[in-house]
Amino acid sequence: MSQVRVRFAPSPTGFFHIGSARTALFNWLYARHTGGVFVLRVEDTDQARNSEEFLDLIYDSLTWLGMTWDEGPKIGGNYGPYRQSERGDIYKAYLAKLTAAGRTYEKDGAVWFKLLGERSEVYDDHRKKTVTKVANTPAVIEDQIRGRVERVEDEDFVIVRSDGNPVFHLVNVVDDIAMKITHVIRGEDHLSNTSKHVELFKAFGAPVPVYAHIPLILKQNGPGKMSKRDQGALIEDYRKRGYLPEALVNFLSLLGWNPGGDREKMPIEEIIRLFDLPAVNQSNARFDDKKLAHMNMVYLLEQPADRFVNLARAQLERAQATAALAADPGYFRDVMLLSQPKIKTLEELPPYTAYFFTENFAVDAKVREKVLAKGEPKARLVELAETLATTDFSSDTAIEEAIKALAARTSLGFGDYQSVARLAVSGTNVGPSLTGMFRVLGRERVLARIARFLPTA
RNA sequence: GUCCCCAUCGUCUAGCCCGGUUAGGACACCACCCUUUCACGGUGGGCACCGGGGUUCGAAUCCCCGUGGGGACGCCA
């Protein structure tokens with residue numbers, strides 16, 4: 001058996017979304033699993049709807065997700081060009097073969113593919129018009145995921161538009177032949193197109209590739225498949241929000257496939273090793289952003305300090321958190337590492353860390369009311385300020401011991417000091433450990449904030 | 001309407017092919033524990049074989065029908 005050749009064939013008519021990314025991923029995984037070739041082919045035959053920006057987005061997104069292509073735009077290959085808009089001559093040559101074989105005819109200025117078989121006129125209830133049906137024999141699709149599927153293609157169809165541009169069905173098949181594609185892995189929405197494609201492969205006298213129609217991803221809320229217009233559908237969005245590409249890839253790999261057993265979080269090498277077509281599910285999967293967020297958290301938690309700080313900086317740049325970016329690098333690093341074990345996604349970082357970088361931080365009114373309502377907040381703050389004035393701020397434990405000693409003297413608990421101190425110093429009731437927060441902020445800032453807060457308590 | 005695909009917790013799924021399990025895991029949810037807030041983590045809990053017929057000693061698992069969900073039916077891809 002010759003080398004596996006698969007292709008991802010997006011059309012640059014819209015934003016790159018979850019469904020496309022998953023199709024690309026399954027193709028890429030299969031190529032890597034089998035030691036085959038992953039071809040990127042741009043299906044830009046719809047001149048009216050194509051755009052270069054969308055095309056760049058496809059390149060960028062694939063690269064970001066780590067799906068490098070072996071042949072395709074930018075890098076070339078032996079079967080190029082890889083943009084269909086540049087392959088006009090090839091389509092003409094193939095079309096000529098079809099015409100020579102008597103398998104085409106013109107109607108309304110367009111070129112149609114002629115099916116073989118007896119013809120009859122039938123009224124189509126759905127389209128509200130009379131159509132010509134052809135008594136054709138069923139096309140047989142041996143699908144790697146669905147098994148044997150039979151479908152009759154019983155109407156001629158357009159392969160070249162009246163404006164001279166070839167249609168998807170033609171170029172798709174021609175390119176799969178010309179690029180020697182062995183396996184076609186695509187969404188199940190193409191399953192009913194496959195009979196058209198099989199007819200074309202036969203008309204060209206070319207071998208039909210192995211098909212694998214993967215289940216669709218359904219939108220999280222409401223009925224139907226996920227589209228680029230749905231919430232959380234855009235890859236670009238996750239990138240902006242600071243999701244880790246490896247987490248997204250891991251999550252996507254599990255939508256419609258699993259390695260068997262209980263394995264979920266896996267390094268990409270492991271996914272490649274275990275991935276195979278027959279293991280792909282047959283039923284559609286509903287997108288779940290909570291599970292994605294969880295996967296992201298698991299990956300975030302294990303990032304080495306340096307990488308996490310770099311990721312955090314990139315995210316704060318996107319959020320234009322100027323105060324944080326202007327801060328001392330050492331201080332910035334301390335703040336981020338303090339926050340790392342606390343967040344699920346990097347997009348939480350700007351609001352989560354804001355008070356570290358400005359004295360002008362917001363105070364949560366509800367929290368303030370709640371915290372000041374009990375005990376003697378003022379007295380606690382005065383005691384704490386006195387203690388902190390002489391406390392060693394170099395380690396969390398030193399600060400912790402000092403506060404605990406204070407609490408012991410006043411017959412109170414650590415918690416009696418914590419909530420009010422946190423409010424005074426950060427304006428909220430959530431955040432990293434109090435002692436870590438104090439250590440990073442430093443004595444001066446902590447004392448100043450308490451002093452400023454005191455009169456209002 | 002016609003054709004095609006599918007069907008296990010709310011969600012992703014294991015188990016199905018090669019019938020015998022207290023139907024397993026993860027996310028989410030609830031409770032408790034841990035704790036210095038919030039998270040993380042830990043323990044426990046609730047939660048599923050779409051319905052009906054077969055076949056069989058025995059069906060989530062095999063077959064049929066129904067129902068439900070999804071997709072396609074463009075001079076879009």
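Numbered from 1 within each chain, the chains take letters A, B, ... in sequence-line order.
Residue-level contact check: A:Gly109 touches neither bases nor backbone, having no heavy atom under 4.0 Å from any strand. A:Arg127 comes within contact range of the sugar-phosphate backbone alone, with a heavy-atom separation under 4.0 Å but no base atom that close. Among the protein residues, A:Ala285 comes within range of the sugar-phosphate backbone only, with heavy atoms under 4.0 Å from sugar or phosphate atoms but none that close to a base. Using a 4.0 Å heavy-atom cutoff across all strands shown, A:Asp108 reaches at least one base atom of the nucleic acid. Among the heavy atoms of the strands, none lies under 4.0 Å from A:His213. Among the atoms of the strands shown, base atoms are found under 4.0 Å from some heavy atom of A:Lys342. Across all strands, A:Gln418 comes closer than 4.0 Å to base atoms (heavy-atom distances). Residue-level contact check: A:Gly415 touches neither bases nor backbone, having no heavy atom under 4.0 Å from any strand.
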Restricting both atoms to N or O, compile the protein contacts to nucleotides 3-6 of chain B shorter than 3.5 Å, with distance only.
unit_1	atom_1	unit_2	atom_2	d
B:rC5	O2'	A:Arg146	NH1	2.4
B:rC5	O2'	A:Glu188	OE2	2.9
B:rC6	OP1	A:Gln282	OE1	2.8

Pairwise N/O distances under 3.5 Å, protein to nucleotides 20-25 of chain B:
unit_1	atom_1	unit_2	atom_2	d
B:rG25	N2	A:Glu264	OE2	3.2

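Taking only side-chain atoms of A:Trp112, from C-beta outward, the nucleotide of B:rA72, B:rC73, B:rC75 with the closest atom is B:rC75. Among the nucleotides B:rA77, B:rG1, B:rG74, the one closest to any side-chain atom of A:Thr45 is B:rA77. For A:Ser162, taking side-chain heavy atoms from C-beta onward, the closest of the listed nucleotides B:rU36, B:rC75, B:rC38 is B:rC75.
A sub-4.0 Å separation between OP1 or OP2 of B:rA26 and a side-chain N or O of A:Lys290 is absent. Residue A:Lys344 places at least one side-chain N or O under 4.0 Å from the OP1 or OP2 atom of B:rC40. The side chain of A:Asn429 places no N or O atom within less than 4.0 Å of a non-bridging phosphate oxygen (OP1 or OP2) of B:rC38.
The partner of B:rU2 is B:rA72, by the rule that a Watson-Crick or G-U pair needs both atom distances under 3.5 Å. Nucleotide B:rC29 forms a pair with B:rG45, judged by Watson-Crick or G-U wobble geometry with both contacts under 3.5 Å.
Sorted by residue number, the members of residues 293-300 of chain A with any non-hydrogen atom under 4.0 Å from RNA chain B read A:His294, A:Met297.
For A:Phe26 and A:Phe275, the ring centers sit closer than 6.0 Å to each other. Remark: aromatic rings of A:His169 and A:His197 are close, center separation under 6.0 Å.
Of the two residues near RNA chain B, A:Pro341 and A:Leu254, the one whose nearest nucleotide lies more 5' is A:Leu254. Mapping A:Leu255 and A:Gly431 onto RNA chain B by nearest heavy atom places A:Leu255 closer to the 5' end of the strand.
Residue pairs that meet the salt bridge (charged side-chain N to carboxylate O under 4.0 Å, His left out) test with at least one member in residues 15-25 of chain A, sequence neighbours left out, do not exist here.
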For residues 247-259 of chain A, which side-chain donor-acceptor pairs fall under 3.5 Å, sequence neighbours excluded?
unit_1	atom_1	unit_2	atom_2	d
A:Asn250	OD1	A:Met266	N	2.9
A:Asn250	OD1	A:Tyr299	OH	2.6
A:Asn250	ND2	A:Glu264	O	2.9
A:Ser253	OG	A:Asn250	O	2.7
A:Asn258	OD1	A:Gly260	N	2.6

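Between the C1' atoms of B:rC50 and B:rA7, the separation comes to 7 Å (whole Å). Taking the C1' atom of each, B:rU67 and B:rG53 are spaced 14 Å apart, rounded to whole Å. Atom name C1', nucleotides B:rU55 and B:rC64: the rounded distance is 11 Å, in whole Å. Distance noted for atom P between B:rU11 and B:rU2: 29 Å (whole Å).
Residues satisfying the side chain to side chain donor-acceptor pair (under 3.5 Å) test with A:Asp60, not counting sequence neighbours, are none.
Within 6.0 Å of atom CD in A:Glu376, 12 or fewer heavy atoms from other residues, nucleotides or ligands are found, so the atom counts as exposed in its surroundings.
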